[in-house]
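As a basis for the values below, the full set of heavy atoms in this structure was taken, side chains included, without hydrogen atoms, waters or symmetry mates.
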Amino acid sequence: MLRSAIGKPWLRSTSTHPLRAACRGDSVWLPHSSQSRPLVPSVRFAPKQPVRFVSSVPSPTTTWIDRFPPRIRPYLYLTRIDKPIGTLLLFYPCTWSITMASYALDTPLMTNLAYIALFGLGALVMRGAGCTINDMWDKNLDRAVERTRMRPLAQGALTRNEALVFLGGQLAIGLCVLMQLNWNSILLGASSLSVVTVYPLMKRITYWPQAVLGLAFNWGALLGWSAVAGAVNWSVCFPLYLGGVCWTLVYDSIYAHQDKIDDVKAGIRSTALLFGEKSRTILSALSATAMSLVTYAGVLNAQGAPFYLGIGLGGAQLAKVLWRTNFDDRVSCWKGFVGCGWAGFWVWMGALGDYATKVAGML
């Protein structure tokens, strides 16, 4: 084990790693240096769809995780806890549903806050569990992708057995959170695990893994209402759920553009490759569809003006992201991905404003 100059002593040198043979030429990204191999200007994955990049993967930087003992760090990096955007993207659909249900049912403020806190903890734990499942599936694929090759499992800092034991602990905590809900919600929440488990497989067999991720990441749009009301109001929750799925297709397609060169070589499929140079147009249409579906859910739930203001701000945020994002630049794609999260935040703020107005009127 070598101590890295970037503050990750659990990272092992890749200078003799078999991946070296898979890289073009002798210029390989090393975790212990600031140099990176140049990206190939254009790789064709389809007759008329060139893939280009104008930026390389930035060298890893020290994070707050590096303050922990070396033995613990791989587990923390496995959960991506240092990148909270993933947890927030899982959390926001829960907040939409909980707040809209509380608005419809005149739920007391403390009840609403209790469910928000409970689902926040659940999102944190289950997002980490999802990352563990994903990395166990993708251990070998991650080694072939420049951005992911230094993940703990791909790099060899953890074994699959160690990750499996850790996953058991994550799922046990997730189950404890789930058991705080009513039985309808417990069964509904448990049923989402099958979608979470098969998601990593989808990138091997279809160009639509982002759609499957959307099915998993927006389960909270159903579960949140069930937790508050005891059952799902499908007339409101189903369009809300579909809107969330379309939103996921937008942000995760932008995310997938980061890896499109390596994905071609590794045989990984994604909507980024499928949409190609039409990405901006298609993602704009998906953004409009997402906001329209959420708006429709609001109409069915008799939401007030603050809700639609939140949707307007969310739609404007998605429009800004799609206008500014350079799909051939990894740094720009990451910023666009994170920026999409704010759209979900503004939808929640709109629903919360509606609910707060109603609660204030009841005082």
Should V125 and L175 be counted in the same cluster of Ile, Leu, Val, Met, Phe, Trp and Tyr side chains packed under 4.5 Å apart?
yes
Give, for atom CG of D135 and atom CG of L167, the distance between the pair rounded to the nearest 0.5 Å.
11.0 Å
Tell me if a side-chain donor or acceptor on S279 pairs with a main-chain N or O of G276 at a distance below 3.5 Å.
yes
Could you tell me if the side chain of T325 sits less than 4.5 Å from the side chain of K335, heavy atoms only?
no
Under a 4.0 Å threshold between the charged nitrogen and the carboxylate oxygen, would D263 count as salt-bridged to K203?
no
Is it true that the NZ or CZ of R73 lies under 6.0 Å from the centre of F68's six-membered ring and within 45 degrees of the ring axis?
no
Just checking, is any N or O donor in the side chain of N161 or T159 under 3.5 Å from an acceptor N or O on the other one?
no
Is there a donor-acceptor contact under 3.5 Å from the side chain of Y296 to the main chain of M291?
no
Okay, side chain of D259, backbone of A256: is any donor-acceptor separation there less than 3.5 Å?
no
Would you mind reporting whether L193 and L171 have side-chain heavy atoms less than 4.5 Å apart?
yes
Please tell me whether L187 and M126 are part of a single hydrophobic cluster in this structure, the criterion being side-chain heavy atoms less than 4.5 Å apart.
no
Under a 4.0 Å N-O cut-off, is there an ion pair linking K260 with E277?
no
Distance-minimising heavy-atom pair for W219 and L188
NE1-O, 2.8 Å
Hey, is the main chain of G128 close enough, under 3.5 Å, to the side chain of Q170 for a donor-acceptor pair?
yes
Short question: side chain of S226, backbone of L223 - any donor-acceptor pair under 3.5 Å?
no
Under a plain distance cut-off of 3.5 Å, with no hydrogens placed, do Y308 and D354 share a side-chain donor-acceptor pair?
no
Dump the intermediate steps for side-chain contact (heavy atoms from CB on, under 4.5 Å) on L105 and M100, then the final yes or no.
CA-CA 9 Å; L105 301 173; M100 290 174 71; over 6 Å; no
Find out whether C131 and L78 are in side-chain contact, i.e. whether some heavy atom of one side chain is under 4.5 Å from a heavy atom of the other.
no
To the nearest 0.5 Å, tell me how far F217 CZ sits from S192 OG.
11.5 Å
Check this for me: W183, atom CH2, are more than 12 non-hydrogen atoms of other residues, nucleotides or ligands nearer than 6.0 Å?
no
Strictly distance-based, threshold 3.5 Å: is any side-chain N or O of N184 a donor or acceptor partner for the main-chain N or O of A231?
no
With side-chain contact (heavy atoms from CB on, under 4.5 Å) as the test, would you mind laying out the steps for D66 and T63 before giving the verdict?
CA-CA 6 Å; D66 296 304; T63 73; 3.8 Å; yes
How about T132 and Y75: does a side-chain donor come under 3.5 Å of a side-chain acceptor?
no
Worked verdict on L322 versus Q317 for side-chain contact (heavy atoms from CB on, under 4.5 Å)
CA-CA 9 Å; L322 291 171; Q317 174 65 18; over 6 Å; no
Side chains of N112 and S102: is there a donor and an acceptor less than 3.5 Å apart?
yes
Looking only at the side chains, is there a donor atom on one of N182 and S185 sitting less than 3.5 Å from an acceptor on the other?
yes
Do L240 and V294 have side chains that approach each other closer than 4.5 Å (heavy atoms only, starting at C-beta)?
yes
ILVMFWY network linking V195 to I205, side-chain heavy atoms under 4.5 angstrom:
yes
Looking at A227 and L181, what are the two nearest heavy atoms and their distance?
CB-CD2, 3.9 Å
Taking the side chain as every heavy atom from C-beta outward, state whether W208 and M202 have any pair of such atoms under 4.5 Å apart.
no
Is S253 reaching over with its side chain to a backbone N or O of V250, donor-acceptor style, under 3.5 angstrom?
no
Can you tell me how the ring of Y251 sits relative to the ring of W247, calling it parallel under 30°, perpendicular over 60° and tilted otherwise?
perpendicular
Please report the C-alpha distance between V228 and T111 in whole Å, then the side-chain angles of each, then the deciding distance to 0.1 Å, and finally whether the side-chain contact (heavy atoms from CB on, under 4.5 Å) criterion is met.
CA-CA 8 Å; V228 174; T111 301; 5.7 Å; no
Distance in Å, R280 CZ paired with F275 CZ, rounded so as to fall on 0.5 Å steps:
14.0 Å
Mind checking whether V145 and T148 have side chains closer than 4.5 Å, heavy atoms only?
yes
Would you confirm whether R80, through its side chain, and I85, through its main-chain N or O, come within 3.5 Å as a donor-acceptor pair?
no
Would W137 and V165 show up in the same hydrophobic cluster when neighbours are defined by side-chain heavy atoms closer than 4.5 Å?
no
Is the shortest heavy-atom distance from the side chain of L141 to the side chain of R204 under 4.5 Å?
yes
Output yes when R143 and D262 qualify as a salt bridge under the 4.0 Å nitrogen-oxygen rule, no when they do not.
no
Mind checking whether F327 and H257 have parallel, tilted or perpendicular rings, split at 30° and 60°?
tilted
Distance from Y92 atom OH to F345 atom CZ, nearest 0.5 Å?
6.0 Å
List the atom of W334, the atom of Q258, and the distance in Å for their closest heavy-atom pair.
CB-OE1, 3.6 Å
Give a yes-or-no answer on whether the side chains of T271 and Q210 include a donor-acceptor pair shorter than 3.5 Å.
yes
Would you check if Y77 and D82 make a side-chain contact, meaning some heavy-atom pair closer than 4.5 Å?
yes
Atom pair CG/OG of D252 and S270 - distance to nearest 0.5 Å:
8.5 Å
Would the distance check show the side chain of D329 and the main-chain N or O of V331 forming a donor-acceptor pair, the cut-off being under 3.5 Å?
yes
Please answer whether the main-chain N or O of W234 pairs with a side-chain N or O of Y241 as donor and acceptor at a distance below 3.5 Å.
no
Salt bridge (Lys or Arg N to Asp or Glu O under 4.0 Å) between E162 and R71, intermediate numbers included
CA-CA 12 Å; E162 289 173 326; R71 190 69 188 93; 2.9 Å; yes
Is a salt bridge present between R149 and D142, judged by a nitrogen-to-oxygen distance below 4.0 Å?
no
Where is the tightest heavy-atom contact between T79 and L76, given as atom of each residue plus distance?
OG1-O, 2.7 Å
So, F337 versus Y255, ring centres under 6.0 angstrom or not?
yes
Are M110 and Y103 connected, step by step, through hydrophobic side chains (Ile, Leu, Val, Met, Phe, Trp, Tyr) whose heavy atoms are closer than 4.5 Å?
yes
What pair of heavy atoms forms the shortest contact from P74 to L158, and how long is it?
CB-CG, 3.7 Å
What closest approach, in Å, do G224 and S97 show between heavy atoms, and which atom pair accounts for it?
C-OG, 3.6 Å
